[in-house]
Protein chains: 2
Amino acid sequence: MFLCLRKGLCYEQMMGRKRTKSGKIRLAEVAELAGVSPITASRFFRNPEALSVAKRARVESAAKELGYVPNLAARALASQRTEVIAVLIPSLTNNVFSDVLRGIYDASEGSRYSIQLSNTRYSILQEEKLLRLFLAQKPAGLIVTGIDQTAESRAMLEAADCPIVQIMELGPNPVDMMIGFSHYDAARAAVAHLFAQGCYRIGFVGARMDPRVQRRLDGYVSAMKEAGRFDQRLVVTTATPTSVTLGSALFADLLARETGIDAVFCANDDLALGVLFECRRRGIVVPEQIAIIGFNDLEFMASAVPTLTSVRTNRYEMGRTAATMLIDAIEGRRPEQPVLDLGFKVIERQSSLARRMESRPAVSGHAAG
Amino acid sequence: MFLCLRKGLCYEQMMGRKRTKSGKIRLAEVAELAGVSPITASRFFRNPEALSVAKRARVESAAKELGYVPNLAARALASQRTEVIAVLIPSLTNNVFSDVLRGIYDASEGSRYSIQLSNTRYSILQEEKLLRLFLAQKPAGLIVTGIDQTAESRAMLEAADCPIVQIMELGPNPVDMMIGFSHYDAARAAVAHLFAQGCYRIGFVGARMDPRVQRRLDGYVSAMKEAGRFDQRLVVTTATPTSVTLGSALFADLLARETGIDAVFCANDDLALGVLFECRRRGIVVPEQIAIIGFNDLEFMASAVPTLTSVRTNRYEMGRTAATMLIDAIEGRRPEQPVLDLGFKVIERQSSLARRMESRPAVSGHAAG
DNA sequence: GTCGTGTCTGGTAGCGCTGTCAATGTTCCT
DNA sequence: AGGAACATTGACAGCGCTACCAGACACGAC
């Protein structure tokens with residue numbers, strides 16, 4: 001339908017004009033219809049305030065009438081920059097990143113910037129490679145995950161002439177901007193919460209062990225050591241990607257070799273759910289016999305039976321704020337505060353509520369294994 | 001700080017070379033070092049076989065030595081096409097799409113194509129808008145979700161001169177290629193499975209009610225009607241986005257108004273988990289009193305207690321195959337089979353295993369409400 | 001009246017790459 | 001030997017847009 005219309009226009013214009021190859025509406029066509037020069041029309045799209053009110057209206061209606069859509073490749077080539085925000089994240093599977101991404105996409109919507117996503121698969125070498133690729137295309141801005149880049153990556157980031165936001169965690173030397181929270185402190189808060197509930201023999205269950213999970217483990221270890229309760233045998237980790245099933249399996253490992261455990265700190269909520277299911281399978285009563293705390297506070301934690309305690313992290317907000325800060329910085333509005341701590345919060349639920357100590361029978365590691 | 005560094009580089013290079021503006025390595029530099037014409041160097045990157053072995057090696061080493069990275073904007077402008085695969089999906093939150101996306105990204109990795117993702121938020125008008133935007137940039141290929149486009153969108157898709165894959169479901173008039181499965185048949189299979197377990201008063205719990213969930217409902221309705229068991233009051237749906245908590249709530253609604261329900265078919269696994277938790281909360285024994293079946297077979301279904309029956313769908317494979325087919329088509333290798341049914345499979349688990357009928361007490365809708 | 005100052009507009013010259021087509025060399029056949 | 005057929009290479013002319021600078025014009029101050 002509208003194709004005919006467009007073809008019609010083309011022929012008309014081919015008659016009168018030099019050449020309108022391929023029937024595309026170019027800026028020149030818009031300018032002609034509006035009765036201005038191409039450069040004026042171009043300005044309309046980049047900085048409308050620079051035009052007089054009359055021309056602005058003329059160009060606007062001409063563009064709308066012709067259904068003009070700018071050619072981004074030509075724009076990028078001529079202006080030597082793109083309107084692309086490159087995002088490097090380690091995983092697409094992980095719920096955590098899908099929330100962050102949603103925030104990023106939401107913030108980019110309505111702006112002129114588009115998101116170019118790439119997956120480092122938790123490899124800093126892969127990250128380096130992607131960084132090289134992306135930076136060569138001169139993105140308008142860059143969002144990278146974490147603070148553990150290779151030296152080469154770090155150098156490239158510092159030499160890049162675009163704003164950069166590091167997300168997910170905080171560290172001492174931001175490349176540019178940084179938004180996250182302390183995984184170390186969050187883990188310490190989780191342990192402190194369990195201490196407050198009267199739990200002292202606290203297991204740690206972790207999977208994948210990427211840098212942020214590692215820092216949660218570090219926080220757990222430090223808190224346990226401070227209390228004089230640390231025992232290496234309480235820690236069960238694996239490099240395998242996380243899953244609910246894995247949570248059950250790791251917890252089973254823990255029970256098989258340790259006794260007297262009264263709580264489990266899970267490095268994420270999937271693992272926590274797996275631990276809960278495993279408890280149910282073995283008839284271990286939560287929290288009376290074993291308390292459970294997860295990490296991230298995914299939606300299902302509030303819904304489980306018993307409801308599961310977790311450390312809430314502001315993932316969506318992190319993504320959204322990162323993209324917003326980045327866009328502001330691209331457009332020259334640098335934030336007054338380049339490093340933002342979004343914090344965390346222990347959401348106390350049934351799975352770790354204080355138990356009457358006397359009513360708690362000891363749990364044998366071999367109870368049902 | 002780093003700005004100085006970069007300026008320094010620029011000056012150095014401006015001195016020594018003809019005009020290497022902005023210090024960038026261009027194709028011309030590579031060609032010069034290799035002792036060939038720029039166009040030959042260009043061919044090396046697009047069709048290496050066209051070069052003699054000697055020149056191929058020379059260009060390759062020159063490119064590597066200079067660390068040449070092609071300027072995609074210039075390439076896109078000159079060739080009138082991009083190496084971008086545009087992907088339109090309705091949601092980033094939904095686990096289902098993150099699996100599909102992972103497949104798409106995995107398949108695109110190692111290819112020359114990059115993924116441009118956009119979120120329609122379940123709105124076909126938003127989809128139409130994004131489609132117009134994307135098509136103007138001449139993507140190399142397009143992946144769109146579902147078969148329910150607006151007439152305008154449909155016209156644009158048919159006029160687009162790039163391969164297109166519709167994913168997630170099957171339908172009568174593919175625009176080009178299509179890969180998915182029948183949600184209608186899958187729902188019928190789920191109901192048939194419950195019939196086979198001796199359940200006949202089967203509730204339906206659905207959220208968001210996008211076209212695919214709607215077709216699952218249609219399948220449920222048709223199967224129930226065929227068995228003479230359909231009752232509109234067994235159906236609980238809402239437009240609200242899905243969640244585990246919502247599963248609990250909708251199931252509570254169902255129980256509050258109906259009695260004698262012996263099974264629940266949940267339109268997705270999150271809802272099913274919510275129903276399971278709600279059963280546990282009310283002391284309803286699964287599957288003895290109520291059977292549960294979900295949809296998609298997310299990872300946690302196999303881990304729950306009891307393990308949850310679900311309809312497995314091949315989401316990752318769908319994404320992967322869609323992207324692979326698309327890339328093949330872009331490169332001229334059209335698939336012999338443009339429409340692919342990836343099927344589904346009812347994964348029978350404890351939550352719906354056949355119960356001895358006589359031992360099953362009736363569940364009152366008001367039992368715990 | 002002249003000059004500055006500021007606002008708005010347009011001309012020119014590419015951005016870095018590739019499509020087209022012509023111009024070589026090279027091989028193999030009759 | 002002659003020529004067709006093929007393989008390999010290069011020259012040229014843009015792709016559609018914007019950076020840069022210059023010009024045009026209005027306004028007020030001296």
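Reminder, nothing fancy here: chain letters follow the sequence lines and each chain counts from 1.
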> Does D:dG16 have its OP1 or OP2 closer than 4.0 Å to a side-chain nitrogen or oxygen of B:Q80?
yes
> For A:L142, run the side chain to side chain contact (heavy atoms under 4.5 Å, CB included) check against A:D176, A:L157, A:L326 and tell me which one passes.
A:L157
> Is any side-chain N or O of B:Y68 closer than 4.0 Å to OP1 or OP2 of C:dC17?
yes
> For the pair made of CZ in A:R26 and C1' in D:dG16, what is the distance, rounded to whole Å?
7 Å
> Would you mind writing out the side-chain donor-acceptor pairs for residues 47-54 of chain B within the sub-3.5 Å range, not counting sequence neighbours?
none

> Could you tell me the separation between the CD atom of A:E29 and the P atom of D:dC17, rounded to a whole number of Å?
8 Å
> To the nearest Å, give me how far apart CG (B:L72) and P (C:dG16) are.
13 Å
> Please report, rounded to the nearest Å, how far the P atom of D:dT9 is from the CD atom of B:E32.
18 Å
> Run the salt-bridge test on B:E29 and B:R26 with the 4.0 Å N-O cut-off and return the result as yes or no.
yes
> Give a yes/no on whether any side-chain N or O of B:K55 is located under 4.0 angstrom from OP1 or OP2 of D:dT8.
no
> If we ignore angles and hydrogens, is there a donor and acceptor under 3.5 Å between the side chains of B:T150 and B:R154?
no
> Starting at atom CG of B:N47, determine the distance to atom P of C:dG19, rounded to an integer number of angstrom.
11 Å
> Quick check for you: to the nearest 0.5 Å, what is the distance between A:M177 atom CE and A:T321 atom OG1?
12.0 Å
> Side-chain N or O of B:S52 less than 4.0 angstrom from OP1 or OP2 on D:dA7?
no
> Figure out the CZ/C1' separation between B:R75 and C:dC15, and round it to whole Å.
16 Å
> Checking B:E158 side chain against B:A155 main chain: does a donor-acceptor pair fall under 3.5 Å?
no
> I'd like to know if the side chain of B:Q166 and the backbone of B:V175 have a donor-acceptor N/O pair within less than 3.5 Å.
yes
> If you assign B:L77 and B:V36 each to the DNA chain D nucleotide with the nearest heavy atom, which residue ends up on the more 5' nucleotide?
B:V36
> Can you tell me which nucleotide in C:dG10, C:dC17, D:dG16 comes closest to the side chain of B:N71?
C:dC17
> So does B:S42 get a side-chain nitrogen or oxygen closer than 4.0 Å to the phosphate oxygens (OP1/OP2) of C:dT18?
yes
> Report all interatomic pairs (protein N or O, nucleotide N or O of nucleotides 19-22 of chain D) with separations under 3.5 Å.
residue : atom : partner : partner atom : Å
D:dA19  : OP1  : A:R81   : NH2          : 3.2
D:dA19  : OP2  : A:R46   : NH1          : 2.2

> Measure CZ/A:R56 against P/C:dT7 and give the value in whole Å, please.
14 Å
> Let me know the distance between CG of A:L51 and C1' of C:dG10, rounded to the nearest Å.
12 Å
